[in-house]
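In what follows, chains carry the letters A, B, and so on, assigned in the order in which the sequence lines appear, proteins first and then strands, with residues in each chain numbered from 1.
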Protein chains: 2
Amino acid sequence: MKYIIGMDIGTTAAKGVLYDLNGQMIISASRGYPLIQRKLGQAEEDPQVILDAVQKIIFKLAEKVQGEVAAISWSSQMHSLIGLGKNYEILTNSITWADNRCTNIVEEAKKNGLAQKIYHTTGMPIYPMAPIYKLMWLKQSNPNLFHQVQKWIGIKEYIIFRLTGKIMIDTTMAAGTGMLNLKTLSLDQDLLQKAGIAADQLPDLASPTEIVGSVSTEYVQKLGISADTKIVLGASDGYLSTIGVDAVDENHFALNVGTSGAVRTISPQAQVDQDARYFCYPASKRQFLLGGPINNGGIVLDWARQTLTLLNEKATVKDFLRLAKSAQVGSNGLIFLPYLGGERAPIWDANARGSFVGLTRQHTKADMARAVIEGIIFNLYDAATGLIESTKKPAAINATGGFMQSDLIRQTCADIFDVPIVTMKEQQSGSLAAMFLARQALGLNKNVDEIGRFVEKGKVYYPNQKEAAIYQKMFPLYREIKNDLAASYQKFRDINTI
Amino acid sequence: MKYIIGMDIGTTAAKGVLYDLNGQMIISASRGYPLIQRKLGQAEEDPQVILDAVQKIIFKLAEKVQGEVAAISWSSQMHSLIGLGKNYEILTNSITWADNRCTNIVEEAKKNGLAQKIYHTTGMPIYPMAPIYKLMWLKQSNPNLFHQVQKWIGIKEYIIFRLTGKIMIDTTMAAGTGMLNLKTLSLDQDLLQKAGIAADQLPDLASPTEIVGSVSTEYVQKLGISADTKIVLGASDGYLSTIGVDAVDENHFALNVGTSGAVRTISPQAQVDQDARYFCYPASKRQFLLGGPINNGGIVLDWARQTLTLLNEKATVKDFLRLAKSAQVGSNGLIFLPYLGGERAPIWDANARGSFVGLTRQHTKADMARAVIEGIIFNLYDAATGLIESTKKPAAINATGGFMQSDLIRQTCADIFDVPIVTMKEQQSGSLAAMFLARQALGLNKNVDEIGRFVEKGKVYYPNQKEAAIYQKMFPLYREIKNDLAASYQKFRDINTI
Ligand SMILES: Nc1ncnc2c1ncn2[C@@H]1O[C@H](COP(=O)(O)OP(=O)(O)OP(=O)(O)O)[C@@H](O)[C@H]1O
Ligand SMILES: Nc1ncnc2c1ncn2[C@@H]1O[C@H](COP(=O)(O)OP(=O)(O)O)[C@@H](O)[C@H]1O
């Protein structure tokens, strides 16, 4: 039994990677699933469909090595919520982090101080993604259903339950519920009460490297694995994609930007922010994941590519980058706020909108294109500054994701952050780290910093002094404009909903 | 002698129109001249070159009717300044309204309250265009030259001086110096002192319908006119293009938008604004021209046409309007501030810049195009609201200029102003009104409201209730964003000049 599977349960797809016992990737497979968005603000998924996808992926990977799988370990999207009934039957879909029907609950909690209390107690930002707010919303909007539910779990807990019969949650995923006390690393009684549930309605807590058990006979067959294959509990994608790029302490930040993005680091202490800009999710008593998730990554680049460039033909990302590169560093003083899809970190405002500010007649389309890229990166840096203030300026930033795949963007990141950007050979940092958890569970590795052996780094982009100086002059103005416009977003919403 | 010439001395060209005694246009002619912009902020013209252009135009028009010209009357750009020496020789170029080298003087005057005093005494907005500020600047920066000058005059006064030997200024042009007291309609001694000059260094004051005299023998020949041709003093282009579209009282606003633009009306009383948003220039004791000049008219449309549309091919204005029209009224809640060239009315900030605010991923290029048009018009409306607050909502707005030549723009104006937009058959309202002054001088007309007989109106665009309601909801947000960003413009300048 010489193989390990790292499974990542993402928001739009599940991806599985098969590794050998040296941590070398053998093959990977993925399957997408749809978001259910029938009502305004709804963003649900069918747990059964996800289980099915996971099953097919594992079967495919295991088949390649005749079922010789020592362990399966998990990386997962955070903040999902599923209600199980008396007989563990499914009473709800998986309500994902992207579902924002509890916005009003959060607004109310902001006013009466509960939201601030939740942030300071659990490290959960003031935003509708957290299960604690979803529970309050369900209790209010659908009390019958709410009282029928015996167990509240997330998608990873559901999958593992179906495979093993055990209902368990790891610390990093529990942190994502908004009910895990940062100090005690146990469920906060007071917040459970506010959510209207009892502690035994949530899964048992364990460490990410916990071996949950073996797979039920039914699934041994369905997955094409051995009866001895161990199921390791695994952790949140946020935590794993951070350690998965060898960012295991405050000296390194992990910057992952695809469609959306996140900047994260790991601190030895729990930290919360005066302005609630970043989350703090515990992984253990010695590891706290600090970071900010960002809505507006490559998706904004895609918008700008389609909107600012040619009318008829479709411009490629490369065309757009070439256009942007033809403008000067600093886009001739044009500033772009990238909040096209509202924003989480660092402003946590779902109503936020994008802006170009500072246009003169001298500005060209190329300036606008470059400003878009610089604006996306200013926002990443803005989210990171909260972390830097609370920890320290990192020695390097380890970068992954589709948006980080161009020279122009990597160099601009180095210049704006004024920190070297280290690229990664492998982008699947979540599955890699899930595999590493399995190695720890199997006793093949001990400390988290041993993960570096499995992480292959690529080209490093160093900051240029001249460009860094330009951005250091621009960034305070970016922030000022961000503040100037902050109060207007609510009014944009009011105008549009009338 | 059955013809009258209306001459308009513009910033970029002089235009002359030959009318018969019924006010029918016979022919017109024009000649351009260059702006001299060798130093930062400089915007001068050579008075000799302008005189030459005027001479050639008049010759051409007079030739058509064998010199049978009863009178020549004048419309002129405002705020120009020329210094004449002891022997009336030219010591300076014509320093135009667009020259902003006295910006620091204005900033200083703002701080010590002099600028506010000038505004309240003379109706001259707080902006570097006025000769009073230019005089202070010249005295400081070039005292030798300053003390050599015997007479300070403007371009119209110079041309008339060269033709007739008389140095005279009409009330509307004197108002443009920033030294004419609104209450007394005479030069303000206190302000003359502040400018460092004596009253006899400025031309004698007279009414726009004053007959200055006949043309010197030398110029009778050069112009190809009769020795009996009368030179009528004429007035400022601002005043004349207002009465020239039959906007002779507060019931009508004149909206002229070409590259730049202005909104104006005529009030029977002097009025100044708490926020100094509009100018108040007297024409007589019963007529005060209130209004706001706007930098960002069609020139912003031209920028957007080139910047937002195709990369390689040049899109035409029509293409751009078609694109804009394909978006919904209100541009899906996207707001554009059009201050690409700094702005005069209503914000009077030379550092102001343009912005798109409120972008979401749903916004298309068409939304951006429409937002540009709506933003230009919001700004015109914003400038007009100062007037409306001080006078009243007009019954109609009489519109001229290249920017006002499309259905989409006219209808959008009607909807945003919520007032009917009346188009004019003839765009040369300045020369027409100059001709009317000559008719008054010759005793052919008496009251200014008789000008209506010579003004032919075109199609009227009435506001649509539904669209007007959308804009009334958006306009407060436009204004809020305008205020939100006001303080940032200075900082944009600071960033760029470092
Ligand atoms: N060469 C490139 N340079 C910069 N950005 C690029 C490049 N190629 C693609 N992108 C951007 O990367 C984004 C997709 O990245 P990726 O495939 O990592 O996304 P994803 O996995 O869907 O996102 P997420 O990690 O947020 O779920 C697109 O928005 C695209 O615009
Ligand atoms: N059909 C049109 N609709 C709207 N704007 C137009 C149209 N045609 C030209 N323009 C705009 O009008 C402006 C020129 O107006 P014009 O009155 O000729 O200018 P000027 O102020 O230089 O005399 C240009 O900026 C151009 O973009």
Side-chain angles (χ1 to χ4, degrees), chain A residues 296 299-300 302-304 306-313 315 319 323 330 332-342 351-368 469-470 473-474 476-477 480-481 483-489 491-498, chain B residues 296 299-300 302-304 306-313 315 319 323 330 332-342 351-368 469-470 473-474 476-477 480-481 483-489 491-498:
Chain A
N296 298 289
I299 197 167
V300 172
D302 294 333
W303 171 85
Q306 287 157 24
T307 310
L308 297 180
T309 50
L310 304 180
L311 257 182
N312 308 312
E313 288 176 63
D319 293 335
L323 176 65
N332 280 311
L334 176 60
I335 285 181
F336 177 70
L337 302 183
Y339 314 133
L340 266 69
N351 295 320
R353 289 175 170 233
S355 299
F356 286 96
V357 179
L359 289 163
T360 69
R361 287 203 309 275
Q362 280 67 52
H363 282 117
T364 62
K365 196 195 293 279
D367 290 321
M368 293 180 81
I470 293 172
K473 227 169 264 155
M474 281 185 88
L477 187 50
E480 174 162 334
I481 284 163
N483 293 333
D484 289 344
L485 293 175
S488 71
Y489 302 134
K491 287 161 199 160
F492 273 102
R493 196 186 67 166
D494 294 347
I495 273 189
N496 266 20
T497 52
I498 290 166
Chain B
N296 298 290
I299 197 167
V300 173
D302 294 333
W303 171 85
Q306 287 157 25
T307 311
L308 297 180
T309 51
L310 304 181
L311 255 183
N312 309 313
E313 289 175 63
D319 293 335
L323 175 65
N332 281 311
L334 176 61
I335 286 181
F336 177 71
L337 302 184
Y339 314 133
L340 265 69
N351 295 321
R353 289 177 169 231
S355 299
F356 285 96
V357 179
L359 288 162
T360 69
R361 287 204 308 276
Q362 281 67 53
H363 283 118
T364 61
K365 195 194 293 277
D367 290 321
M368 293 181 82
I470 292 172
K473 229 169 264 156
M474 281 184 88
L477 187 50
E480 174 161 335
I481 285 162
N483 294 333
D484 288 345
L485 293 175
S488 72
Y489 301 135
K491 287 160 199 161
F492 274 103
R493 198 187 64 165
D494 295 348
I495 274 190
N496 266 19
T497 52
I498 291 164

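Proximity to chain A is limited to the side chain of B:Phe336, based on heavy atoms less than 4.5 angstrom apart. For A:Asp367, no part sits under 4.5 Å from any heavy atom of chain B, backbone or side chain. Only the backbone of A:Thr364 comes within contact range of chain B, with at least one heavy atom under 4.5 Å from a heavy atom of that chain. Both the backbone and the side chain of B:Ile299 come within less than 4.5 Å of a heavy atom in chain A. For B:Asp302, no part lies under 4.5 angstrom from a heavy atom of chain A.
Rounded to the nearest 0.5 angstrom, B:Ile481 CD1 and A:Asp484 CG are separated by 11.0 Å. The CH2 atom of A:Trp303 sits 4.5 Å away from the CG atom of B:Leu359 when rounded to the nearest 0.5 Å. Distance check, rounded to the nearest 0.5 Å: CZ of A:Arg361 to CG of B:Asn296 gives 7.5 Å. Atom CZ of residue B:Phe356 and atom CG of residue A:Leu337 lie 14.0 Å apart, to the nearest 0.5 angstrom. Annotation: the span from B:Leu308 atom CG to A:Met368 atom CE amounts to 5.5 Å, rounded to 0.5 Å.
Taking both residues in full, the closest heavy atoms of B:Lys473 and A:Ile495 are given as O-CD1, 3.4 Å, listed atom of the first, atom of the second, then distance.
Heavy-atom pairs under 4.5 Å with chain A peak, among B:Ala486, B:Ser488, B:Gly358, at B:Gly358. Taking chain B as the reference chain and counting heavy-atom pairs below 4.5 Å, the highest number among A:Ser355, A:Gly330, A:Ala352 is found for A:Ser355.
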